[in-house]
Amino acid sequence: QVQLVESGGGLVQPGGSLRLSCTASGEFFRVISMAWYRQAPGKQRELVALLVGGGSTMHVDSVKGRFFISRDKAKNILYLQMNSLKPEDTAAYYCNAQTQGESSPIDHWGQGTQVTVSS
């Protein structure tokens with residue numbers, strides 16, 4: 001019922017910037033949190049940035065000061081602004097949302113968008 005679709009990935013040179021978007025559709029309400037995850041080849045998927053509650057945000061140390069998560073509530077779009085990109089940021093980036101189900105939270109995932117940082 002809920003669909004998340006990411007866009008904005010691509011090939012970027014080190015030091016460049018990129019903005020990822022995640023558009024939610026379907027019965028998207030009673031949202032608990034939204035987040036961006038990433039997964040590099042041979043590594044586990046990791047949380048990058050989280051937006052919870054009334055709008056509080058958290059960014060992991062490796063991206064703090066460079067990446068910024070935000071949300072357009074009216075349009076149901078989640079953004080990840082990525083600045084000063086490094087080769088180690090190369091990964092598939094996934095949009096995640098948690099909504100309140102009848103008795104427990106429900107996780108929703110996008111299909112992922114590839115970000116490659118290379119010269």
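These numbers were taken from a predicted model, which means no experiment stands behind them.
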#### Entry: Backbone N/O of V117 and side chain of T90: donor-acceptor pair under 3.5 Å
yes
### Nearest heavy atoms of G101 and I106, plus distance in Å
CA-CD1, 3.8 Å
### Hydrophobic cluster membership, V5 vs Y94, 4.5 Å side-chain cutoff
no
### Message
How long is the straight-line distance from CG of D107 back to CG of N96, given to the nearest 0.5 Å?
### Response
5.0 Å
### Task
Check the pair K64 / D61 against salt bridge (Lys or Arg N to Asp or Glu O under 4.0 Å), numbers first and verdict last.
CA-CA 5 Å; K64 192 173 298 182; D61 290 342; 3.2 Å; yes
### Query
If every non-hydrogen atom of V115 is compared with every non-hydrogen atom of L20, which pair is closest and at what distance?
CG2-CD2, 4.0 Å
### Task
List the atom of L4, the atom of C22, and the distance in Å for their closest heavy-atom pair.
CB-SG, 3.9 Å
### Message
Quick one, Q13 with S119, criterion side chain to side chain contact (heavy atoms under 4.5 Å, CB included). Give me CA distance, side-chain angles, the key distance, then yes/no.
### Response
CA-CA 5 Å; Q13 294 185 342; S119 299; 5.7 Å; no
### Message
Hydrogens and angles aside, do Q81 and N83 bring a side-chain donor and acceptor to less than 3.5 Å of each other?
### Response
yes
### Query
Just by modelled atom types, is the G9 backbone N or O under 3.5 Å from a matching donor or acceptor in the T113 side chain?
yes
### F28 reachable from L78 in the ILVMFWY side-chain graph, under 4.5 Å edges
yes
#### Entry: Spacing of OG belonging to S62 relative to CG belonging to D89, to within rounding of 0.5 Å
7.5 Å
### Query
What are the two closest non-hydrogen atoms of A91 and Q114, and how far apart are they?
O-NE2, 3.4 Å
### Query
For S70, which residues count as a side chain to side chain contact (heavy atoms under 4.5 Å, CB included) partner, sequence neighbours excluded?
Y79
### Query
If you take all heavy atoms of G10 and L18, which pair is closest and at what distance?
N-CD2, 4.0 Å
### Query
Is the count of non-hydrogen atoms from other residues, nucleotides or ligands lying under 6.0 Å from Q3 atom CD greater than 12?
no
### Query
What residue among Q111, H108, M34 forms side chain to side chain contact (heavy atoms under 4.5 Å, CB included) with C95?
M34
### Message
Could you go through Q98 and V31, starting from their C-alpha distance and side-chain angles, then the distance that decides it, and tell me whether this counts as side chain to side chain contact (heavy atoms under 4.5 Å, CB included)?
### Response
CA-CA 6 Å; Q98 284 192 330; V31 180; over 6 Å; no
## Note on the structure
Distance col, row R71:CZ vs L51:CG, nearest 0.5 angstrom, shows 7.0 Å
### Message
As a quick check of understanding, evaluate side chain to side chain contact (heavy atoms under 4.5 Å, CB included) for E6 and Y93, giving each step before the final call.
### Response
CA-CA 8 Å; E6 301 100 331; Y93 284 72; over 6 Å; no
### Message
Quick check for you: to the nearest 0.5 Å, what is the distance between I77 atom CD1 and S25 atom OG?
### Response
11.0 Å
## Note on the structure
CZ of R45 to NZ of K43, rounded to nearest 0.5 Å, is 15.0 Å
### Message
Please report the interatomic distance CZ(R19) to OG(S7), rounded to the nearest 0.5 Å.
### Response
11.0 Å
### Task
Following the transitive rule for hydrophobic clusters with a side-chain heavy-atom cut-off under 4.5 Å over Ile, Leu, Val, Met, Phe, Trp and Tyr, establish whether V60 and W36 coincide in one cluster.
yes
### Query
Are Y37 and W109 an aromatic pair by the rule of ring centers under 6.0 Å?
yes
### Query
Is the CD atom of E88 crowded by more than 12 outside heavy atoms at less than 6.0 Å?
yes
### Summary
Between L50 and S33, the two heavy atoms sitting closest are CD1-CB, 4.0 Å
### Query
Would L80 and F67 satisfy side chain to side chain contact (heavy atoms under 4.5 Å, CB included), going step by step from the backbone distance to the final call?
CA-CA 7 Å; L80 183 66; F67 291 10; 4.2 Å; yes
